[in-house]
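In what follows, a single structure is set out as structure tokens and then discussed.
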Amino acid sequence: MPNTPHDITRRSLLRAAALVPVAGALAACATPQAQAPASSASPAATSAANPFGVADGKPLEVWIFDGGFGQDYAKNIHQPLFKAKYPKVEIKHNATKEITKVLQPRFAGGNPPEVIDNSGANAMDFGALAQDGQLADLGPLLDAPSWDDPNTKVRDTIDPAVIDLGTYDGTFSVVGYVNYIHGIWYSQKVFKENGWETPKTWDEFLALCETIKKSGKMAAFTYAGKHPQYLYEPLLTMAAKIGGNEVLVNIDNLEDGAWTTEAMKTAATAWAEIGAKYLMEGTAGLDHVQTQTAQNKNKVAMLPCGSWLENEQKTTTPADFEYGMFPIPDFTGSDKLPYGTLHSQPSENFIVPSKSANPQAGMEYLRAMLSKKAAGDFSELVKTVSTVKGAGEGRQLSSGAAAATKALADAGANLVYYRWRSWYLQLDDEVKAATGELMSGRLKPDAYLERIQKKADDIKGDSSIKKYKR
């Protein structure tokens, strides 16, 4: 997302998006067009089978983030399921990696689509959308009968964290469809062949990095240098392990000094050492696919990522690669959270814009997605873990999905997450830029955290930015 002057309001940001140039055939989307508000739509009669009153014959427009999970799941699983029930509905399927660039002008023009997978590095600012009243209230979806069982509400079929993290200002408006499970990923085959053991302590991790480096076979570690959020994720998880979950809660709540705590300084210092000693050469100039492909080619042993990795790399991963994942190691025996603690939270976030022409169909589409069959087929196809309870039961899991699922089960209640990234997009931009500087050695840990704290303080003091709290 382009940088925005500090004095621009979120509402004017959305309006200004109408002027953003969009290339090629999508240029027409950038032209604001008058659109009847959702309240003027003429829904069909509601019933247990059609709780939102979907009119069979009114078009439904769906936009999918074409990232780690691709778009085939929408075309081949979700949309056929919806069409089987509403055969006269024309589904207009679209996909893009540039969600903000393509779709923010549609919001500004008053003609957003019905369903959006608002995910990826270029996702729209959820906080801004919520502040502007652009997100439909999905509370009725939670209380609707599930697609599979009319006696069970949708809310009882999904991970409760979906509701917690999808609620803005008391209104549930975002459905996280996938349990992103973050950790350090490696090839089980490579580790077995070399006798390398997965580390449980930071000293063991450093020793492993040194062993791999000295072997001369490959680099020890890399991350997506062009997308430093891949590195700030393990840094924040380590800080939470050291100082407890309140480290991340205070950051989310823009508490004074939240970024400059001892736990954050310790974590930043630890990862800066990795940046100085053990990174694959050229890491800073590579994106996620390039670093992940380097791992598939045995040029580097370990990298941080989420559970979408295996599917994202399916075209370049050797058949016998055997993806594995381990959690962030203990820094010391005094960590407040135990070994196995994971950063895991519902993501791959779907929304129904409040001003779309057919929000009834949008909510029904999400209800279909949240069926056990749809979620199970999705999980098996893209090698990941859905937020729908029991979706993976009886499914054939890949090595990476199995490793992530086991790690999640082992973690139990020891899960951490943060929300500032979706609440304050300007802060995310600053943390990404600063993390790249930290890992390249151009910022020392103290200066790194002070830079981020200043940005957080600026946001806290900006009355035009809606504040959220955990």
Side-chain angles (χ1 to χ4, degrees), residues 1-3 67-68 97-98 120-123 182-187 190 202 205-206 208-239 259 264-306 308-309 312-313 316-317 325 328-329 343 418 421 425-455:
M1 182 176 177
N3 291 329
K97 296 182 186 299
E98 301 286 346
N122 298 305
H182 296 267
I184 306 300
W185 293 76
Y186 65 101
S187 164
V190 167
W202 192 249
F205 181 67
L206 291 177
L208 174 61
C209 286
E210 187 67 20
T211 296
I212 295 170
K213 181 179 179 179
K214 287 182 176 178
S215 75
K217 295 179 179 180
M218 63 189 72
F221 196 83
T222 191
Y223 74 99
K226 287 186 175 180
H227 305 296
Q229 66 268 26
Y230 281 80
L231 197 284
Y232 77 52
E233 182 280 320
L235 192 158
L236 285 167
T237 302
M238 175 183 279
W259 284 94
M264 285 297 299
K265 289 179 183 178
T266 300
T269 300
W271 284 104
E273 181 180 1
I274 298 299
K277 295 181 178 179
Y278 299 117
L279 283 189
M280 182 177 71
E281 185 176 354
T283 285
L286 302 178
D287 64 20
H288 55 301
V289 174
Q290 290 170 314
T291 51
Q292 291 160 192
T293 301
Q295 185 183 49
N296 293 154
K297 295 180 177 179
N298 294 334
K299 294 181 179 179
V300 63
M302 298 175 287
L303 53 79
C305 197
W308 62 86
L309 170 64
E312 189 166 57
Q313 291 300 115
T316 62
T317 306
M325 189 205 87
I328 302 302
H343 171 205
Y418 44 84
R421 184 182 179 191
L425 207 58
Q426 302 109 311
L427 182 56
D428 181 48
D429 290 339
E430 187 73 359
V431 179
K432 285 189 287 191
T435 300
E437 296 287 286
L438 173 75
M439 293 303 289
S440 67
R442 292 189 292 270
L443 269 182
K444 298 300 182 185
D446 283 351
Y448 163 71
L449 297 174
E450 288 165 6
R451 172 177 168 177
I452 297 171
Q453 186 62 59
K454 181 180 184 306
K455 185 65 175 180

Inset, instruction - With side-chain hydrogen bond (donor to acceptor under 3.5 Å, both in side chains) as the test, would you mind laying out the steps for Q295 and T291 before giving the verdict? - result: CA-CA 6 Å; Q295 185 183 49; T291 51; over 6 Å; no

Inset, instruction - Give the intermediate values and the outcome of side chain to side chain contact (heavy atoms under 4.5 Å, CB included) for residues R421 and L427. - result: CA-CA 7 Å; R421 184 182 179 191; L427 182 56; over 6 Å; no

Legend entry - Derivation of the side chain to side chain contact (heavy atoms under 4.5 Å, CB included) call for T435 and L443: CA-CA 9 Å; T435 300; L443 269 182; over 6 Å; no

Inset, instruction - Kindly determine whether K217 and V190 satisfy side chain to side chain contact (heavy atoms under 4.5 Å, CB included), including the steps that lead there. - result: CA-CA 11 Å; K217 295 179 179 180; V190 167; over 6 Å; no

Inset, instruction - Evaluate the criterion side chain to side chain contact (heavy atoms under 4.5 Å, CB included) for residue pair Y232 and L438; output intermediate values, then yes/no. - result: CA-CA 10 Å; Y232 77 52; L438 173 75; over 6 Å; no

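Taking the side-chain contact (heavy atoms from CB on, under 4.5 Å) definition, one finds that E430 meets it with R451, K455, sequence neighbours left out. The side-chain hydrogen bond (donor to acceptor under 3.5 Å, both in side chains) search around K454 returns D458, not counting sequence neighbours. With sequence neighbours excluded, no residue forms a side-chain contact (heavy atoms from CB on, under 4.5 Å) with K444. Listed by chain and residue number, nothing satisfies the ring-ring contact (aromatic ring centres under 6.0 Å, His included) test with Y278 (two or more places apart in sequence, or in another chain). Under the side-chain hydrogen bond (donor to acceptor under 3.5 Å, both in side chains) criterion, S440 pairs with R442, not counting sequence neighbours. Legend: residues meeting side-chain contact (heavy atoms from CB on, under 4.5 Å) with D446, ordered by chain and number and at least two apart, are K265, E450.
Residue I328 holds its CD1 atom at 4.0 Å from CD1 of I184, rounded to the nearest 0.5 Å. The CG atom of L206 lies 11.0 Å from the OG1 atom of T211; values are rounded to the nearest 0.5 Å. Rounded to the nearest 0.5 angstrom, Q229 CD and L235 CG are separated by 13.5 Å. Interatomic distance, H227 NE2 to L286 CG, rounded to the nearest 0.5 Å: 10.5 Å. To the nearest 0.5 Å, atoms CD1 (I452) and NZ (K432) are separated by 12.5 Å. Here W202 contributes atom CH2 and E273 contributes atom CD; the two are 8.0 Å apart, rounded to the nearest 0.5 Å.
Looking at L303 and Y223, their side chains never come closer than 4.5 Å, going by heavy atoms from C-beta outward. Inter-residue side-chain proximity for K97 and N122 is flagged as unmet; no heavy-atom pair is nearer than 4.5 Å. The shortest distance between side-chain heavy atoms of L309 and M325 does not fall below 4.5 Å. Side-chain contact between Y448 and E437: absent, with no pair of heavy atoms (C-beta onward) separated by less than 4.5 Å. Counting only heavy atoms from C-beta outward, the side chains of P445 and W271 never approach each other to under 4.5 Å. Using a 4.5 Å heavy-atom threshold, the side chains of Q292 and T222 count as separate. Side-chain contact between H182 and T237: absent, with no pair of heavy atoms (C-beta onward) separated by less than 4.5 Å. M218 has its side chain within reach of I212: a pair of non-hydrogen atoms, C-beta onward, lies under 4.5 Å apart.
Closest approach of F221 and L231 over heavy atoms only: CE2-CD2, 4.1 Å. Across all their heavy atoms, M302 and C209 have their closest contact at CE-SG, 3.9 Å. Nearest heavy atoms, G67 versus E312: C-OE2, 4.2 Å.
A donor-acceptor pair is defined here as one N or O able to donate and one able to accept, closer than 3.5 Å; such a pair exists between the side chain of K213 and the backbone of K277. Proximity of a side-chain donor or acceptor of W185 to a complementary backbone N or O of C305 within less than 3.5 Å is detected.
Remark: the Q290 side chain and the T293 side chain contain no N/O donor-acceptor pair separated by less than 3.5 Å.
By the 30° and 60° cut-offs, the orientation of the rings of H288 relative to Y230 is parallel.
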